[in-house]
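Here the structure comes first, spelled out in C-alpha cells, and everything after it is commentary.
The figures that follow rest on heavy atoms only: side chains count, while hydrogens, waters and symmetry mates do not. Naming convention: chains lettered A, B, ... in sequence-line order (proteins, then strands); numbering from 1 in each chain.
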Number of protein chains: 2
Amino acid sequence: MELENHTRESVAQLLRSHGINPTHQRIEIGFALFENPQHRSADEILAMVNARHTETSKATVYNTLKLFVDKGMVRELIVDPNKVFYDPNTSAHHHFYEVATGELTDIPAAGVHIEGLPQLPPGMVTEGIEIIVRTRPGR
Amino acid sequence: MELENHTRESVAQLLRSHGINPTHQRIEIGFALFENPQHRSADEILAMVNARHTETSKATVYNTLKLFVDKGMVRELIVDPNKVFYDPNTSAHHHFYEVATGELTDIPAAGVHIEGLPQLPPGMVTEGIEIIVRTRPGR
DNA sequence: ATTAGAATTTTGACTTTGTCTAACTCCTGC
DNA sequence: GCAGGAGTTAGACAAAGTCAAAATTCTAAT
Ligand SMILES: [Mn+2]
Ligand SMILES: [Mn+2]
Ligand SMILES: [Zn+2]
Ligand SMILES: [Zn+2]
C-alpha cells in the first residue's frame with residue numbers, strides 16, 4: 001500500500017508536480033510528512049524537521065503546511081479542538097478518531113456510501129465530504 | 001420546528017431535567033443557546049450573556065459549556081480550526097459548513113444513510129458519527 | 001564577478017482561544 | 001447566624017497560530 005519509500009529527491013519531484021518550488025525547508029517538511037505517512041500536527045512536523053539540529057523556523061513550517069494544503073499536496077484535518085492535523089493521504093477517505101488518545105485511523109472511501117444528503121444551497125459547491133467516527137474505549 | 005419559545009423558566013426546567021442545578025449564570029447561558037438556537041462559539045455566548053451589563057465571567061462560560069456538553073444538553077462541534085461551536089440541537093444530525101463565512105447549517109439525520117463503514121477496532125465503541133459537508137461559493 | 005530583484009525564511013512580538021488556581025460569594029441546612 | 005459545599009470570579013498562564021519587517025538566498029542579467 002504505502003510502500004512509496006520516499007527519498008528527499010522523490011519528495012522534491014512531488015513538490016514540483018504540485019507546482020511548488022522545492023527549497024531545502026520544503027523538502028524537509030515534505031519528507032517529514034511522506035517518509036512515514038501519518039496524521040501530524042504542525043508542532044510535530046516542526047520537531048521532526050529540527051530533530052538533529054534546528055534548521056527551520058516555526059513560521060516556515062506553518063507557511064509551508066498552508067502552501068501544501070493550497071496546492072493540494074496534503075489535506076487538513078479538523079477533528080481535535082486543539083490542533084489541526086495534516087494528512088499526506090489526499091485520496092478520498094474518512095476517519096476514525098479515538099477521542100481519548102487523539103489517534104486517527106483512515107477509512108478508505110471505497111466501499112463507503114452516503115445516501116440522502118440534501119441539495120446544496122444554490123450557488124454553493126462541495127469542497128469535500130468527510131465522515132468522522134468518534135470512538136472511545138468501552139464495553 | 002424550532003418553536004419551543006424558551007423562557008428563563010423553561011431553560012431552568014431543561015437544566016434540571018439534565019441533572020444540572022439551575023443557577024443564575026447557567027440559566028443565562030442556557031437561554032443564550034436555546035432562545036434562538038444557532039451554532040455558537042464560547043466567545044459569542046459570553047458576549048450575549050453580558051450584553052446589557054457584565055454578570056458572568058469567561059471562566060464560568062467555559063466551565064458551564066463543558067458541563068452542558070458532559071450532561072448531554074448541548075453538542076460540541078469541531079469544524080473550524082479556530083474555535084469550538086456549541087450546538088443546542090442534540091438530535092442526530094449532520095452539517096453543511098460554509099468554509100468562507102464559517103456558517104453552519106443542519107442536515108437532519110433522518111434520510112441520510114451511511115453504508116460500508118468498517119468494523120470498529122476491538123474494544124472501541126462509537127461515540128458519534130458526523131458528516132461534514134464543506135462548501136464554498138462556486139459555479 | 002557583481003548586482004538588482006524576486007522569492008523565501010527568520011525573528012520575535014502579538015492574538016486568540018482556552019485553562020487553571022486561589023480567593024471569593026452564595027446558598028442550604030442546621 | 002454559621003458551617004460547609006457549590007458555584008463563580010479575577011487574573012495569570014499556556015498552546016496554537018499569525019504577522020510584519022528584516023535578513024537571507026536564489027536567479028538571471030549585466
Ligand atoms: Mn484551542
Ligand atoms: Mn487556532
Ligand atoms: Zn487520513
Ligand atoms: Zn447542528
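- Nearest nucleotide to the B:Val84 side chain, out of C:dG18, C:dA13, D:dA6: C:dG18.
- Distance, B:Asn82 CG to D:dA16 C1': 10 Å, rounded to whole Å.
- B:Lys66 has no side-chain polar atom (N or O) that falls below the 4.0 Å cut-off from OP1 or OP2 of C:dG18.
- Computed from coordinates, the B:Asp80 CG to D:dG17 P distance equals 12 Å when rounded to whole Å.
- Rounded to a whole Å, the CD atom of A:Glu28 is 12 Å from the P atom of C:dT10.
- In this entry the distance linking CD of A:Glu76 with C1' of D:dG17 reads 12 Å, nearest Å.
- Inspection of the B:Ser91 and B:Asn89 side chains reveals an N or O donor paired with an N or O acceptor under 3.5 Å.
- The CG atom of A:Asp80 sits 5.0 Å away from atom CZ of A:Phe85, with the distance rounded to the nearest 0.5 Å.
- One can place NZ of B:Lys71 at 10 Å from P of D:dG7, the figure rounded to the nearest angstrom.
- Among D:dT8, C:dT19, C:dT9, the nucleotide with an atom closest to any side-chain atom of A:Gln25 is C:dT9.
- Not less than 6.0 angstrom separates the ring centroid of B:His113 from the ring centroid of A:His113.
- Comparing A:Ser41 and B:Val61 by the nucleotide of DNA chain D that holds the closest heavy atom to each, the one mapping nearer the 5' end is B:Val61.
- Closest to the side chain of A:Ser57, from the set D:dT8, C:dT11, D:dA16, is C:dT11.
- Protein atom CG of A:Asn63 is 11 Å distant from nucleotide atom P of C:dT8, rounded to whole Å.
- Among the nucleotides C:dG12, D:dT9, C:dT19, the one closest to the side chain of A:Ala59 is C:dG12.
- Among C:dG18, D:dG7, C:dT9, the nucleotide with an atom closest to any side-chain atom of A:Arg26 is C:dT9.
- For the pairing with B:Asp87, the side chain to side chain donor-acceptor pair (under 3.5 Å) check across B:His39, B:Arg40, B:Arg75 returns one residue only, B:His39.
- Across all strands shown, B:Thr56 has heavy atoms under 4.0 Å from sugar-phosphate atoms exclusively, and none from any base.
- The interatomic distance linking B:Tyr62 (OH) with C:dG18 (C1') rounds to 5 Å, in whole Å.
- Among the heavy atoms of the strands lying under 4.0 Å from B:Thr23 are primed sugar atoms or P, OP1, OP2 only; no base atom is included.
- Computed from coordinates, the A:Ile20 CD1 to C:dT8 P distance equals 10 Å when rounded to whole Å.
- Within the 4.5 Å cutoff, the side chain of B:Leu117 has heavy atoms near those of the B:Ile129 side chain.
- At D:dA16, none of the side-chain N or O atoms of A:Lys58 fall inside 4.0 Å of OP1 or OP2 (strictly under the cut-off).
- Of the candidates D:dA12, C:dC20, C:dA7, the closest approach to any side-chain atom of A:Asn21 belongs to C:dA7.
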